[in-house]
Asks: 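This structure is in structure tokens; I'll ask about it shortly.
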Amino acid sequence: MLSGDIPPNQTIYIKNLNEKVKKDELKRSLYCLFSQYGRILDVVALKTPRLRGQAWVCFSEVTAASNAVRQMQNFPFYEKPMRIQYAKTKSDCIAKEEGSYVPREKKKKQEEKAERKRRAEEAQQSAAANGIHGASNGGPTASFRQGSSAQEAAAPNNILFIENLPHETTGRMLEMLFEQYPGFKEVRLIEAKPGIAFVDFEDEVQSSMAMQALNGFKITPMNPMNITFAKK
DNA sequence: AGCACA
């Protein structure tokens, strides 16, 4: 119902994207945002009149796509909530991996018949494969966890304190998550202490918005971000 | 709203 009656697909179809974002930046940001769910084979975005504001993200596993559809539904991305469904057809990059790719001109009727069958099979496989995937994200906006320690919470202020980041996290990755919220200023990683960061906003209202939206966000399945106000 | 593969 949420995603219509489209059967599961390795590729997700995203609409309601901010059309002002340039194509290459959009593709890169989508790649970063969705790689938490699994290996991405391709990201397709076109700016033609008919296709702007939409994109396709192709995963190597159907289960990754399923998690992405559920957990990133309505995620505020460049100020607009993403609307995510399964793609209606198989992506070329997937067909190429399976060796079933037929160049555009030829594939018409003959392919479409076979494709229905294939998709039905995939739906079964994904059902069978369910149960492998681990922790489910409470949803990007669903989480309001405060500091897990018995610490006194700091009063709201313009600086966010981020904990539980994977050690491989880069400043650019965090920027891409936080810069979509108004008032963003900068990210500061602490080299001496991997796994934590500070994010500066113009004021405490704007920092609160970002905290509410991103608290608990999983950069990897093992790393839900823990966001609190920094102690001053 | 809009389902492609530059």
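Protein chains get the first letters and strands the later ones, always in sequence-line order, with residue 1 at the start of each.
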Asks: Name the nucleic acid region contacted by A/L46, choosing base, sugar-phosphate or nothing; use a 4.0 angstrom heavy-atom cut-off, strictly under.
Replies: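 Base: the residue A/L46, judged by heavy atoms under 4.0 Å, touches a nucleobase.
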Asks: Is there a donor-acceptor contact under 3.5 Å from the side chain of A/Q71 to the main chain of A/A68?
Replies: no
Asks: Reading DNA chain B from 5' onward, which residue's closest nucleotide shows up sooner: A/W56 or A/K27?
Replies: A/W56
Asks: In whole angstroms, how far is the C1' atom of B/dG2 from the CG atom of A/N16?
Replies: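 It is 11 Å, rounded to the nearest whole Å.
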Asks: I need the CD1-C1' distance between A/I84 and B/dG2, as an integer number of Å.
Replies: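 That distance rounds to 16 Å.
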Asks: Can you check the A/K47 NZ to B/dA6 C1' distance for me, whole Å?
Replies: 15 Å
Asks: Is it true that a side-chain atom of A/N16 and a backbone atom of A/P81 form a donor plus acceptor pair closer than 3.5 Å?
Replies: yes
Asks: Can you check the A/R104 CZ to B/dA6 C1' distance for me, whole Å?
Replies: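 Value for this atom pair: 11 Å.
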Asks: B/dA1 P sits how many Å from A/Y13 OH, rounded?
Replies: 11 Å
Asks: Is there a donor on the side chain of A/T48 or the base of B/dA4 sitting less than 3.5 Å from an acceptor on the other?
Replies: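 Side chain to base: no pair present.
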Asks: I'd like to know whether the aromatic ring centres of A/F75 and A/F217 sit less than 6.0 Å apart in this structure.
Replies: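 So the answer is yes for these two rings.
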Asks: Which residue pairs satisfy the salt bridge (charged side-chain N to carboxylate O under 4.0 Å, His left out) criterion with at least one member in residues 167-195 of chain A, sequence neighbours excluded?
Replies: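 Matches after skipping sequence neighbours: A/R172-A/E175, A/R172-A/E179, A/E186-A/R188, A/R188-A/D200.
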Asks: Just wondering, are more than 12 heavy atoms of other shown residues or ligands nearer than 6.0 Å to CE in A/M209?
Replies: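 At most 12 heavy atoms, drawn from other residues, nucleotides or ligands, come within 6.0 Å of this atom.
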Asks: Output the single nucleotide from B/dC5, B/dG2, B/dC3 whose closest atom is nearest the side chain of A/K15.
Replies: B/dG2
Asks: Go through residues 18-26 of chain A and report each residue with a non-hydrogen atom lying under 4.0 Å from DNA chain B, sorted by number.
Replies: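 Of all residues in residues 18-26 of chain A, the ones placing a heavy atom under 4.0 Å from DNA chain B are A/E19.
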Asks: Give one of base, sugar-phosphate or nothing for A/D42, where a contact means two heavy atoms less than 4.0 Å apart.
Replies: nothing
Asks: Expressed as a whole number of angstroms, how long is the span from A/L17:CG to B/dA4:C1'?
Replies: 14 Å
Asks: Taking ILVMFWY side chains as joined if any heavy atoms are under 4.5 angstrom apart, and letting links pass through other members, which residues group with A/L51?
Replies: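 Noted: A/L51 shares its cluster with A/Y13, A/V44, A/L46, A/W56.
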Asks: For the pair made of CZ in A/R83 and P in B/dG2, what is the distance, rounded to whole Å?
Replies: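 Spelled out: CZ on A/R83 to P on B/dG2 is 14 Å.
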Asks: Just how far, in rounded Å, is C1' of B/dA4 from NZ of A/K88?
Replies: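 My rounded result for the distance is 12 Å.
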Asks: Of the non-hydrogen atoms in A/C93 and A/D42, which two are nearest, and what is the gap between them?
Replies: SG-CB, 3.7 Å
